[in-house]
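Just below is one structure, and these are the notes that go with it.
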Amino acid sequence: MTTAPSTKTVVVLNGPNLNLLGTREPAVYGSSTLADVEQLCRQACARHGWTLDFRQSNHEGDLVDAIHEAGRLQAQGLLAGVVLNAGAYTHTSVALLDAIKGTAVPLVELHISNVFAREAFRHHSYISPAARAVMCGWGVQGYAMAIDGLQHWQD
Ligand code: CA2
């Protein structure tokens, strides 16, 4: 007897301070809250029949652990992909770079704002060399666009 395949999961990871979304700096990040972003992601996943695992952490190690978890899903053929907004860790974290390289998860690096139109320290990303795709400047709608884009990487 064959068992029905489990649905694939999209892991959306949000780094430090993104829990403050919608409460400050609306000119840079818009007025949507992180709960609104989760809702957008849930709708996008529903379009593709995928399960959503949506998380935010202010702690670098939690994000590393979440990427390792995604790697285990990937090994079981149950990962559609990872969308990572690492926040300020984008510009500092060799640990996240190593986690992405070490797990080889298909990952979209995402930023709400156009980081290249901002301060010079935001122009460098430790994550980009290990990401399959990089998106910035589309506002929170970028999350849904990134999830839709994962469709192109499925077998
Ligand atoms: O544009 C993005 O999505 C960023 O990843 C956001 C990070 C920033 O450090 C990156 O350079 C670009 C900051 C996230 C903090 O989000 C806040 C939102 C509202 C109020 C305060 C912080």
Side-chain angles (χ1 to χ4, degrees), residues 8-48 50-71 73-74 79-153:
K8 286 189 175 181
T9 295
V10 175
V11 177
V12 178
L13 300 177
N14 295 281
N17 298 309
L18 283 158
N19 52 311
L20 300 177
L21 207 60
T23 65
R24 290 170 47 200
E25 300 196 66
V28 180
Y29 300 115
S31 54
S32 299
T33 65
L34 198 62
D36 296 331
V37 175
E38 180 169 359
Q39 195 52 36
L40 271 177
C41 291
R42 206 161 290 290
Q43 286 164 358
C45 282
R47 285 198 287 277
H48 300 278
W50 293 329
T51 299
L52 175 67
D53 180 350
F54 188 93
R55 303 186 195 186
Q56 187 274 333
S57 176
N58 294 321
H59 305 281
E60 191 174 16
D62 288 348
L63 298 168
V64 169
D65 286 343
I67 291 167
H68 291 178
E69 273 185 55
L73 282 179
Q74 165 85 349
L79 182 72
V82 177
V83 177
L84 172 63
N85 185 348
Y89 288 142
T90 305
H91 317 298
T92 64
S93 181
V94 177
L96 285 175
L97 170 67
D98 287 346
I100 300 161
K101 277 186 170 172
T103 54
V105 289
L107 181 141
V108 181
E109 173 186 345
L110 178 132
H111 303 286
I112 298 166
S113 63
N114 176 0
V115 286
F116 298 102
R118 301 182 64 193
E119 304 96 318
F121 70 83
R122 296 186 202 277
H123 299 180
H124 177 264
S125 165
Y126 279 94
I127 290 163
S128 297
R132 282 238 205 136
V134 181
M135 295 174 64
C136 73
W138 291 98
V140 297
Q141 204 55 46
Y143 284 81
M145 294 163 72
I147 290 170
D148 285 338
L150 295 177
Q151 183 64 58
H152 297 284
W153 298 344

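As the structure lists them, so they are numbered: ligands from 1, and atoms in each ligand from 1.
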| request: Using a strict cut-off of 4.0 Å, indicate which atoms of ligand 1 neighbour a heavy atom of Gly87. | output: 5 (O), 7 (C), 9 (O)
| query | Are side-chain N/O atoms of Asn14 and Tyr143 paired as donor and acceptor at under 3.5 Å? | reply | yes
| task | Could you find the nearest protein heavy atom to atom 3 (O) of ligand 1 and give me its residue, atom name and distance? | result | Ile112 N, 2.7 Å
| note | for atom 1 (O) of ligand 1, nearest protein heavy atom and its distance come out as Ser113 OG, 2.6 Å
| Do side-chain atoms of His111 reach the backbone of Ala86 as a donor and acceptor pair under 3.5 angstrom? | no
| message | With no hydrogens and no angle check, just 3.5 Å: does a side-chain donor-acceptor pair link Ser125 and Glu109? | response | yes
| field | Minimum-distance protein heavy atom relative to atom 18 (C) of ligand 1 | value | Tyr29 CD1, 3.5 Å
| task | Examine distances only and state if a side-chain atom of Asp36 and a backbone atom of Thr33 form a donor-acceptor pair shorter than 3.5 Å. | result | yes
| said: Using only atom types and a distance under 3.5 Å, with no angle test, would you say the side chain of Ser93 pairs donor to acceptor with the backbone of Thr90? | reply: no
| query | Are Thr90 and ligand 1 in contact, using a heavy-atom cut-off of under 4.0 Å? | reply | no
| Just heavy atoms, cut-off under 4.0 Å: does Asn17 contact ligand 1 by side chain, backbone, both, or neither? | both
| field | Closest approach of any protein heavy atom to atom 4 (C) of ligand 1, naming residue and atom | value | His111 ND1, 3.7 Å
| request: Mind checking whether Arg122 contacts ligand 1 via backbone (N, CA, C, O), side chain (CB onward), both or neither, at a 4.0 Å heavy-atom cut-off? | output: side chain
| said: Keeping His91 on the side-chain end and His124 on the backbone end, is there a donor-acceptor pair under 3.5 Å? | reply: yes
| message | Below 4.0 Å from ligand 1: does a non-hydrogen atom of Thr23 turn up there or not? | response | no
| request: Over 60° means perpendicular and under 30° means parallel, so classify the ring planes of His48 and Trp50, tilted if in between. | output: parallel
| task | Heavy-atom contacts with Arg24 under 4.0 Å: which atoms of ligand 1 show up? List them by number with element. | result | 19 (C), 20 (C)
| request: Kindly compute the distance separating OG1 (Thr9) from CG (Asp53), expressed to the nearest 0.5 Å. | output: 7.0 Å
| Distance-only, no hydrogens or angles: does the Gln56 side chain make a donor-acceptor pair with backbone N or O of Gly15 under 3.5 Å? | yes
| Does any N/O atom on Glu25 come nearer than 3.5 Å to any N/O atom on ligand 1? | no
| query | Against heavy atoms of Ala88, which atoms of ligand 1 measure under 4.0 Å? | reply | 9 (O)
| query | Any idea which atoms of ligand 1 are less than 4.0 Å away from a heavy-atom of Leu20? | reply | 19 (C), 20 (C), 21 (C)
| message | Give the atom numbers and elements of ligand 1 that come within less than 4.0 Å of a heavy atom of His91. | response | 10 (C), 11 (O)
